[in-house]
Amino acid sequence: MPCLYITTNLNLDGVNTDLVFSQATTAVSKIIGKPEKFVMVILKSSVPISFEGNKEAAAYGEIVSMGGINKEVKRNLIATIGKILHSNLSIPTTRFFLKVFDTTAFPTNSKI
C-alpha cells in the first residue's frame, strides 16, 4: 500500500483540496503500478517550513511503498507530484522536496 504524505506551509483552510487528493492518488497508482484503492494520501497544511531561508509557499513529501520503486519511478513521482502541487496550490516545483522510500529495498533479518 503506497502512502504519500505531503506537508506544506500554506494555510489550506477553506481551500478545496479534492483535486490534489484525486490527482495524487491516480498519479501514484499509475506510476507505482498499484490499484488506486490501496493508495493513501495525507495532506497536512499550516506547518512552519523555511526553505531557501524564507517562508514562501513550499512543500515536503514522503512516499512509502512496498515495492514498485526504481530510479525511473522515483523521478516520475517527484516530477508528477510537483506538477500537481504547482497547478493546484501554486507551490513552485523548485520548492517541493520528495523523499521516496521502498520498504522492500532492505533485507529483513527476522529471528522469528
Side-chain angles (χ1 to χ4, degrees):
M1 176 170 106
C3 177
L4 172 63
Y5 189 104
I6 300 169
T7 305
T8 181
N9 57 355
L10 296 178
N11 181 346
L12 299 179
D13 291 342
V15 175
N16 185 351
T17 57
D18 290 346
L19 273 177
V20 174
F21 283 105
S22 65
Q23 290 176 1
T25 299
T26 300
V28 169
S29 171
K30 288 181 180 178
I31 295 168
I32 295 180
K34 305 282 184 179
E36 283 190 30
K37 67 181 182 177
F38 294 124
V39 176
M40 178 186 292
V41 177
I42 301 166
L43 179 60
K44 187 172 183 178
S45 64
S46 301
V47 175
I49 297 175
S50 173
F51 185 63
E52 297 178 343
N54 63 60
K55 294 186 179 183
E56 294 173 17
Y60 170 79
E62 292 183 4
I63 187 158
V64 179
S65 180
M66 294 176 65
I69 306 280
N70 59 32
K71 193 173 188 177
E72 182 181 332
V73 167
K74 183 177 179 178
R75 287 181 180 165
N76 200 356
L77 284 167
I78 293 167
T80 304
I81 295 167
K83 288 176 189 174
I84 291 169
L85 295 177
H86 184 263
S87 65
N88 292 293
L89 301 177
S90 299
I91 297 172
T93 56
T94 57
R95 294 187 57 83
F96 170 62
F97 181 84
L98 183 66
K99 177 182 174 182
V100 181
F101 185 72
D102 185 340
T103 62
T104 62
F106 303 99
T108 58
N109 296 326
S110 176
K111 305 261 185 205
I112 298 178

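Numbers for residues simply follow the sequence, beginning at 1.
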Would you tabulate the side-chain donor-acceptor contacts of residues 62-78 under 3.5 Å, counting partners in other chains and residues two or more places apart, or write 'none'?
{"unit_1": "Glu62", "atom_1": "OE2", "unit_2": "Tyr60", "atom_2": "OH", "d": "2.7"}
{"unit_1": "Ser65", "atom_1": "OG", "unit_2": "Gly67", "atom_2": "O", "d": "2.8"}
{"unit_1": "Asn70", "atom_1": "OD1", "unit_2": "Glu72", "atom_2": "N", "d": "3.1"}
{"unit_1": "Asn70", "atom_1": "OD1", "unit_2": "Val73", "atom_2": "N", "d": "2.8"}
{"unit_1": "Asn76", "atom_1": "OD1", "unit_2": "Thr80", "atom_2": "OG1", "d": "3.0"}

Worksheet entry | Closest heavy-atom pair and its distance - Ala57, Pro92 | O-CD, 3.9 Å
Worksheet item: What side-chain hydrogen bond (donor to acceptor under 3.5 Å, both in side chains) pairs are there with at least one residue in residues 34-48, not counting sequence neighbours?
Response: Thr26-Glu36
Discussion item. When you compare the side chain of Leu98 with that of Ile81, does any pair of heavy atoms fall below 4.5 Å?
Written reply: yes
Worksheet item: If you look at every heavy atom in Leu85 and Ala59, which pair is closest and at what distance?
Response: CD1-CB, 3.9 Å
If you look only at distance, which donor and acceptor atoms sit under 3.5 Å apart when one is on a side chain in residues 1-8 and the other is two or more places apart or in another chain?
{"unit_1": "Thr8", "atom_1": "OG1", "unit_2": "Leu10", "atom_2": "N", "d": "3.2"}
{"unit_1": "Thr8", "atom_1": "OG1", "unit_2": "Ala58", "atom_2": "O", "d": "2.8"}

Discussion item. Is there a continuous path of hydrophobic side-chain contacts, each under 4.5 Å between heavy atoms, that joins Ile91 to Val15?
Written reply: yes
Worksheet entry | Same apolar cluster: Leu12 and Phe21, side chain cutoff 4.5 Å | yes
Item to complete: Name all pairs fulfilling the salt bridge (charged side-chain N to carboxylate O under 4.0 Å, His left out) condition that reach into residues 1-11, sequence neighbours left out, sorted by first residue then second.
Response: none
Worksheet entry | salt bridge (charged side-chain N to carboxylate O under 4.0 Å, His left out): pairs with one or both residues in residues 90-101, sequence neighbours excluded | Glu52-Arg95
Practice prompt. Please answer: with hydrophobic residues joined when any side-chain heavy atoms are less than 4.5 Å apart, are Ile42 and Ile49 in the same cluster?
Written response: no
Discussion item. For residues 27-52, which residue pairs pass the ring pair (Phe, Tyr, Trp, His ring centres under 6.0 Å) check, not counting sequence neighbours?
Written reply: none
Response to the item:
For residues 83-92, the side-chain hydrogen bond (donor to acceptor under 3.5 Å, both in side chains) pairs (sequence neighbours left out) are Gln23-Asn88
Worksheet item: When rounded to the nearest 0.5 angstrom, what distance separates CD1 in Ile84 from OG1 in Thr25?
Response: 9.0 Å
